[in-house]
Amino acid sequence: MAGTAVALRRYPVKSMLGEELPSVEVAATGLAGDRGWALLDAETGRVASAKSPGSGATC
């Protein structure tokens with residue numbers, strides 16, 4: 001089955017806004033630069049997400 005991509009987007013920081021790209025390299029692990037960073041909750045040591053952002057998240 002083949003399809004057509006109408007837009008390419010990547011999200012460099014987990015659960016934050018993405019960016020539209022004119023082209024992107026695709027590797028076995030996914031899009032280059034996608035989700036390379038995340039916010040860490042300093043109190044719990046867990047990665048914050050849009051579903052449960054936590055408090056005190058730092059970069």
Side-chain angles (χ1 to χ4, degrees):
M1 175 180 252
T4 301
V6 295
L8 298 172
R9 297 189 64 80
R10 72 174 169 197
Y11 299 81
V13 180
K14 183 180 179 345
S15 295
M16 294 186 77
L17 291 177
E19 58 187 344
E20 191 161 341
L21 304 169
S23 64
V24 66
E25 181 181 329
V26 179
T29 56
L31 300 180
D34 191 46
R35 290 176 178 83
W37 301 93
L39 297 179
L40 183 66
D41 186 315
E43 293 178 9
T44 65
R46 298 181 74 182
V47 173
S49 73
K51 293 179 183 174
S52 60
S55 63
T58 59
C59 292

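What you see is a predicted model, and the numbers here were worked out from it, not measured in a lab. Numbers for residues simply follow the sequence, beginning at 1. Both backbone and side-chain heavy atoms feed into the values below; hydrogens, waters and symmetry mates do not.
- In this structure Arg10 satisfies the salt bridge (charged side-chain N to carboxylate O under 4.0 Å, His left out) test together with Glu19, sequence neighbours excluded.
- Linking ILVMFWY side-chain heavy atoms closer than 4.5 Å, directly or via other members, places Val13 and Tyr11 in two distinct hydrophobic clusters.
- Annotation for Leu21: hydrophobic cluster partners, listed by chain and number, are Leu8, Val24, Val26, Leu31 (ILVMFWY side-chain heavy atoms under 4.5 Å, direct or chained).
- Shown here for Ala38 and Val47, the closest heavy-atom pair between the two residues is CB-CG1, 3.7 Å.
- Counting heavy atoms of neighbouring residues, nucleotides and ligands inside a 6.0 Å radius, atom CZ of Arg9 exceeds 12 of them.
- Put simply, the side chain of Asp34 never gets that close to the backbone of Pro12: no donor and acceptor are under 3.5 Å apart.
- In this structure Glu25 satisfies the salt bridge (charged side-chain N to carboxylate O under 4.0 Å, His left out) test with no other residue, sequence neighbours excluded.
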